Amino acid sequence: MKEKIDLHIHTTYSDGAFSPFEIIRMAAKKNIRTISITDHDSINAIEGAIMFGKELGITVIPGLEISTDIEDREVHILGYFIDHNSNELQKYLSFFRDERLHRAKRIVKKLNILGLEITIEDILSKAKHSAVGRPHIANALLEKGICKNYFEAFDKYIGDFAPAYEKKIHVSPLSALKLISDAGGLSFVAHPGKMPEEILKKLIDFGIDGIEVIHPSHNGDMVKYYRGIVNQYCLLESGGSDFHGGKKNDEFNFGKFHVKPTVVSNMRKMLSLD
Ligand code: AMP
Ligand code: ZN
Ligand code: FE
Ligand code: FE
């Protein structure tokens with residue numbers, strides 16, 4: 001069986017269902033020999049994953065997925081080969097998490113004013129290690145029986161135009177690109193299939209290093225299309241399963257979405273690592 005490479009995996013350090021150790025064990029079983037852990041706005045899973053990966057013969061490329069926004073649209077930027085011990089990066093990510101916590105507290109205040117009995121602790125128990133966001137608040141509202149389902153929480157309370165909505169901290173793609181390159185890494189547009197063409201072109205103009213070509217949301221034509229853009233603009237390619245595990249019903253994606261070894265060797269060449 002051919003050895004596989006999956007460069008987009010989440011763990012319990014963001015919104016994934018499995019710990020870094022479980023992910024490494026599962027990767028070994030599926031013969032995925034190189035992975036990148038790309039948690040949302042967190043690099044705290046990486047050190048443990050690298051160490052445990054060594055024991056099981058799995059190479060772990062340090063990565064992360066930064067949430068940015070451009071023209072009111074959420075855009076995810078992947079970073080690879082970042083120095084996960086970088087103080088600057090750690091400082092930024094903890095600032096980001098603090099800002100998210102303050103915002104969650106503001107939302108709780110609004111929910112309480114609306115008469116709902118919910119506390120910040122209810123929400124943080126859903127967020128575990130990750131930066132707290134509206135999905136955690138929706139799940140807490142659901143668990144408390146305040147809402148009948150996940151979407152009702154957004155419609156009635158925390159959606160963009162709902163009464164308890166609070167803006168989150170704005171991170172521009174440009175600052176994410178700078179953060180990644182200052183930490184010695186390469187930046188990639190995550191799942192471009194979810195964004196309009198103009199936004200992708202803007203990210204290319206900003207100096208993104210590559211595009212995620214292989215992703216569960218991309219069909220064969222899209223893969224061809226994005227590979228064409230990669231070639232046209234002399235960019236790098238990346239790809240993976242965007243595996244979260246658990247309730248997102250993506251267990252079948254694990255081991256199904258992978259990239260060729262040249263994808264990683266091209267990244268290493270670009271960074272003069274070989
Ligand atoms: P946050 O970054 O905390 O503002 O949360 C954004 C996330 O909330 C999005 O990535 C979606 O997963 C979820 N979300 C936002 N609006 C809605 C909505 N109307 N219905 C369902 N999920 C939503
Ligand atoms: Zn996620
Ligand atoms: Fe994403
Ligand atoms: Fe992701």
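These figures come from a predicted structure and were not determined experimentally. We count ligands from 1, going down the list as the structure has it; atoms in each ligand are counted the same way.
Considering just the N/O/S atoms of His76, the one nearest the Fe ion (ligand 3) carries the name ND1. Nearest N/O/S atom of Asp15 relative to the Zn ion (ligand 2): this is OD2.
Defined by atom type and a distance below 3.5 Å, a donor-acceptor pair is present between the side-chain atoms of Asp242 and His8. Judged by distance alone, the side chains of Glu65 and His76 do bring a donor and an acceptor atom under 3.5 Å apart.
Of the listed residues (Arg103, Lys110, Arg134), just one forms a side chain to side chain donor-acceptor pair (under 3.5 Å) with Glu166, and that residue is Lys110.
For the Fe ion (ligand 4), the N/O/S atoms of His10 include one lying under 2.8 Å.
Geometry at the Zn ion (ligand 2): NE2/His40 and NE2/His244 form an angle of 130°, nearest 10 degrees. Expressed to the nearest 10°, the angle at the Fe ion (ligand 4) joining NE2 in His8 with OD1 in Asp242 is 80°. Vertex the Fe ion (ligand 3); arms to Glu65 OE2 and His191 NE2; angle rounded to 10 degrees, 100°.
Checked for salt-bridge contact, Arg227 and Glu237 meet the test: a charged N lies under 4.0 Å from a carboxylate O.
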Residue pair Ser265, Thr262: steps toward the side chain to side chain donor-acceptor pair (under 3.5 Å) verdict: CA-CA 5 Å; Ser265 58; Thr262 48; 5.4 Å; no
